[in-house]
Amino acid sequence: MAIYPTPEQIKKLMEGPADQPVVMINLLRYKPKADGVGAGASGDDAYRRYATRMREFVESKGGRFIWMGRVDSQVIGEGGEGFHAAGLVEYPSRKAFLEIAGAPHVKEIGEHRESGLEMQWLLASTETPLRDSPR
């Protein structure tokens, strides 16, 4: 299961608007039991060790954690039933996202992410203002 992007996915990410913030929509599935550095903990607990430190780092670089919560049901569509949590993280730009994600500090704390995470979908999104509609 994927927890890192492919080169093709990075290329596609960088084709998006360069001059706007990007919000990453994270869909997460945890391992039942963490392995590696988190062995003995739940996958959720191991990932939270990573997320706590990642939040501090992202915010120190101008990004912000918008929201994170537990996924308790899928209301429309199929394929997302196995996710345990979802989160929204805003980065100043796509370039800033890559710089942050590729930083040595992130690699260091990433061992907790790998220890607890079974799978992730990461979707890049750019704000689209809503048009006024008649009532």
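All residue numbers refer to positions in the sequence shown, counting from 1.
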Show the nearest heavy-atom pair for residues [X] and [Y], with the distance to one decimal.
{"X": "Ala124", "Y": "Val22", "answer": "CB-CG2, 3.8 Å"}
{"X": "Leu117", "Y": "Arg29", "answer": "CD1-O, 3.5 Å"}
{"X": "Ala96", "Y": "Pro92", "answer": "CB-CD, 3.9 Å"}
{"X": "Gln120", "Y": "Asn26", "answer": "NE2-OD1, 2.7 Å"}
{"X": "Ala46", "Y": "Ser115", "answer": "CB-OG, 3.9 Å"}
{"X": "Phe97", "Y": "Leu122", "answer": "CZ-CD2, 3.9 Å"}

- Message: side-chain contact (heavy atoms from CB on, under 4.5 Å) for Ile25 and Leu88? Distances and angles first, verdict last.
- Response: CA-CA 5 Å; Ile25 303 166; Leu88 303 172; 3.8 Å; yes

- Any chance you could lay out the side-chain contact (heavy atoms from CB on, under 4.5 Å) test for Glu118 and His84, step after step, and finish with the verdict? CA-CA 10 Å; Glu118 183 176 307; His84 299 122; over 6 Å; no

First locate atom [atom1] of [X], then atom [atom2] of [Y], and finally report the distance between them rounded to the nearest 0.5 Å.
{"X": "Met54", "Y": "Phe65", "atom1": "CE", "atom2": "CZ", "result": "6.5 Å"}
{"X": "Glu15", "Y": "Ile10", "atom1": "CD", "atom2": "CD1", "result": "12.0 Å"}
{"X": "Leu27", "Y": "Met119", "atom1": "CG", "atom2": "CE", "result": "8.0 Å"}

Taking [X] for its side chain and [Y] for its backbone only, find out whether a donor-acceptor pair lies under 3.5 Å.
{"X": "Glu90", "Y": "Arg64", "result": "no"}
{"X": "Ser93", "Y": "Pro21", "result": "no"}
{"X": "Gln9", "Y": "Pro7", "result": "no"}
{"X": "Ser125", "Y": "Val23", "result": "yes"}
{"X": "Arg113", "Y": "Ile3", "result": "yes"}

- Give the intermediate values and the outcome of side-chain contact (heavy atoms from CB on, under 4.5 Å) for residues His112 and Arg53. CA-CA 10 Å; His112 295 287; Arg53 294 172 69 186; 4.0 Å; yes

- Should Glu8 and Lys12 be marked as a salt bridge (charged side-chain N to carboxylate O under 4.0 Å, His left out) after you check the CA-CA gap, both sets of side-chain angles, and the distance that decides it? CA-CA 6 Å; Glu8 294 80 18; Lys12 183 72 175 168; over 6 Å; no

- Query: For Leu13 and Met24, what are the C-alpha separation, side-chain angles and deciding distance, and is it a side-chain contact (heavy atoms from CB on, under 4.5 Å)?
  - Reply: CA-CA 11 Å; Leu13 166 71; Met24 294 299 194; 3.9 Å; yes

- Do Val37 and Phe57 belong to the same hydrophobic cluster, where Ile, Leu, Val, Met, Phe, Trp and Tyr are linked whenever their side-chain heavy atoms lie under 4.5 Å apart, directly or via other members?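 Unlinked, Val37 and Phe57 end up in two clusters.
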
- Query: What about Ile66 and Leu123, same hydrophobic cluster or not, with Ile/Leu/Val/Met/Phe/Trp/Tyr joined at side-chain heavy-atom distances under 4.5 Å?
  - Reply: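 Yes, same cluster.
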
- Six-ring centre of Tyr30, Arg48 cation under 6.0 angstrom, axis tolerance 45°: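 Judged by the rule (NZ or CZ under 6.0 Å from the ring centre, within 45° of its axis), Arg48 is not positioned above Tyr30.
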
- So, do Lys61 and Tyr91 sit near enough that their side-chain heavy atoms are less than 4.5 Å apart?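 Of all side-chain heavy-atom pairs linking Tyr91 with Lys61, none is under 4.5 Å.
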
- Among Tyr47, Tyr4, Tyr50, find the one that has a side-chain hydrogen bond (donor to acceptor under 3.5 Å, both in side chains) with Glu114.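 Answer after filtering Tyr47, Tyr4, Tyr50: Tyr4.
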
